[in-house]
Amino acid sequence: MTATIVAQQAINGIVLGSLYVLVALGLTLIYGVLVQINFAHADFVTLGAFAAYFVMHALGGQYLLGIVAALLVGAALGWAINITVFAPLRRKGNELLPLIATIGVSVMLQNAMLAWFGPVPYAFETPYSQKVFRVAGTFFTLQSVIIIAVSATTIALLYAFMKFTFLGKALRAVAQDRETAGLMGINPNTLIMLTIVISSALAGMGGAMLAPVLVLTPFAGASVIVKAFAIVIIGGFGNVEGTILAGLLVGLIESFTTQYLDPGLIDIVVFGLLLLMLAFRPTGLISERREENV
Amino acid sequence: MSVLLAADSLELAYGDAPVCRGISIEISEGEIVALIGANGAGKSTTLRAIAGMMTPRAGSIMFAGQDITRLPSHERTMLGIALVPEGRHVFPFLTARENLELGGFKNRRDNAKVRRMIDEIFDVFPRLRERSGQNAGTLSGGEQQMLVLGRAMMSEPKLLCLDEPSLGLAPLLVRDIFQTIKAINKGGTSVLLVEQNARYALETASRGYVLQTGSITASGLCAALAKDTRVREAYLGRAAAKAGAA
Ligand SMILES: Nc1ncnc2c1ncn2[C@@H]1O[C@H](COP(=O)(O)OP(=O)(O)O)[C@@H](O)[C@H]1O
Ligand SMILES: [Mg+2]
């Protein structure tokens, strides 16, 4: 009996955790390459969720196309925030301004969404939430299977892109030493654009799959982003492997805290862990190496 | 010999602080040119301007008949200028092999060619073949210097700019590095060599420029510069200066 409960909570935790990973990876990539934080990332999650909602309903229940739409909306938002905020402010050479500007973009997007979609929560039911499988006493929905399959595929593709393609290696080079990457013939601006577009697409996609779990309002992303920040810090800022690990860990903590303690304690446990990490292992789970190399 | 690079009256500054005034340097095809001077004279700054990492306040840079004064560094690399920056600047968390691959970014659509060129570099530096899967940040200083030399050659440059390639290396390795530079030059690549180690630089290059607090104060054939009393006194040590005067 207890074994099935543990297995059940492990499944729930991994489903939730893989969504956190999608959202947190975007933050970590942007930090890794630009040393910047995009505070509008939360709203890209929300807009992805709304995009999935409306596209799914317009197409008569095609949830998977909703996810694709969310990905595209996220990518477009990433492109837009780079040409309006990050690129022009980078040319000015100020480090603090982009951060403040993205807070402004976030407030703007939230109010725009409030005007368009209203404050009343949307009920996001996908056609797959009702299909339940039972395996060895545990049960899961087709929705969770889709979430795990889509996130795992996305994360694997991203990982392979970074590890094995010329462009992915160039992206890591820009993250490590932008000026020297330029000397290789790499246009850093192109790769920064690519990073922001990929990151934002991940946020939109994460939103499309989180929405059925969350209460979908114009502020839905905000509740996720706080955990995503915790995950990025626990994983080690800019560290992709660490972020994946930390995201799954936080998902698991959340589901087991709900089972064995109290759902109200989730944030306390997660941020307790965060404080412990900051105190004892400030470089993150996989302590990679950020010291300058001469 | 036709002129490959002509920097004319460059004015270089960081923010409001002027560093180099009226720098003019010419490099012909197939030449090794040395740029020597004391610490802080502006050698690295001059190289940064040539590689496109900073834009001059005034003056112009022509390369292979084209005005490149305003081109960013990545476009200059595509035209055939490679810079090995001071302090090496390997990508520390990429493997040695990946560092070389990125050097060949220009040829990224021709994987076979990139692999072939990496093999050639491994033939020149067998140490790098042994270390190819290791993160570049974990290599020794000498290995890193070989790596950045190889990485620069991966872009098939017409002009290779080297910023203090001997800095921090054991004397035996320094000899090797200068041998390699000569070999690279024999292969047809022009070289602009910045060195504090003036003795080696003047031995390796055919012509040289002396940079003093941001201005060029002497230039000419290295053999002549090496006999110049002021150069000997300032850069080749007192003993050499006395010997020259005697
Ligand atoms: N990034 C920088 N910002 C401001 N001043 C700099 C910078 N880099 C170098 N300088 C100054 O420019 C002068 C020339 O430096 P540099 O070109 O590095 O000399 P060298 O390579 O001959 O030792 C020095 O006075 C140095 O302090
Ligand atoms: Mg220097």
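Lettering follows sequence order; numbering is per chain, from 1.
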Practice item. Go through B:E101, B:R76, B:M78, B:M154 and name the one with the most non-hydrogen pairs under 4.5 angstrom from chain A. Key: B:E101

Would you say [atom1] of [X] has more than 12 non-hydrogen atoms from neighbouring residues, nucleotides or ligands within 6.0 angstrom?
X      : atom1 : value
A:L157 : CG    : yes
A:E95  : CD    : no
B:R175 : CZ    : no

Revision key, fill the gap. Interatomic distance, CD@A:Q176 vs CG@B:N99, rounded to 0.5 Å, equals 8.0 Å

Review point. Could you state the interatomic distance from NZ (A:K163) to CD (B:E98), rounded to the nearest 0.5 Å?
Key: 7.0 Å

**Study point:** B:R109 portion near chain A, given a 4.5 angstrom heavy-atom threshold
**Key:** neither

Review point. Given that the side chain runs from C-beta out, which part of B:R151 has a heavy atom under 4.5 Å from chain A: side chain, backbone, both or neither?
Key: side chain

**Study point:** residues 180-202 of chain A: residues contacting chain B (heavy atom under 4.5 Å, by number)
**Key:** A:T180, A:A181, A:G182, A:L183, A:M184, A:G185, A:I186, A:N187, A:P188

Practice item. Might you point out which heavy atoms bring B:F91 and A:D177 nearest each other, and give the distance in Å? Key: CE2-O, 3.7 Å

Review point. Under 4.5 Å between any side-chain heavy atoms of A:E179 and B:R48, yes or no?
Key: yes

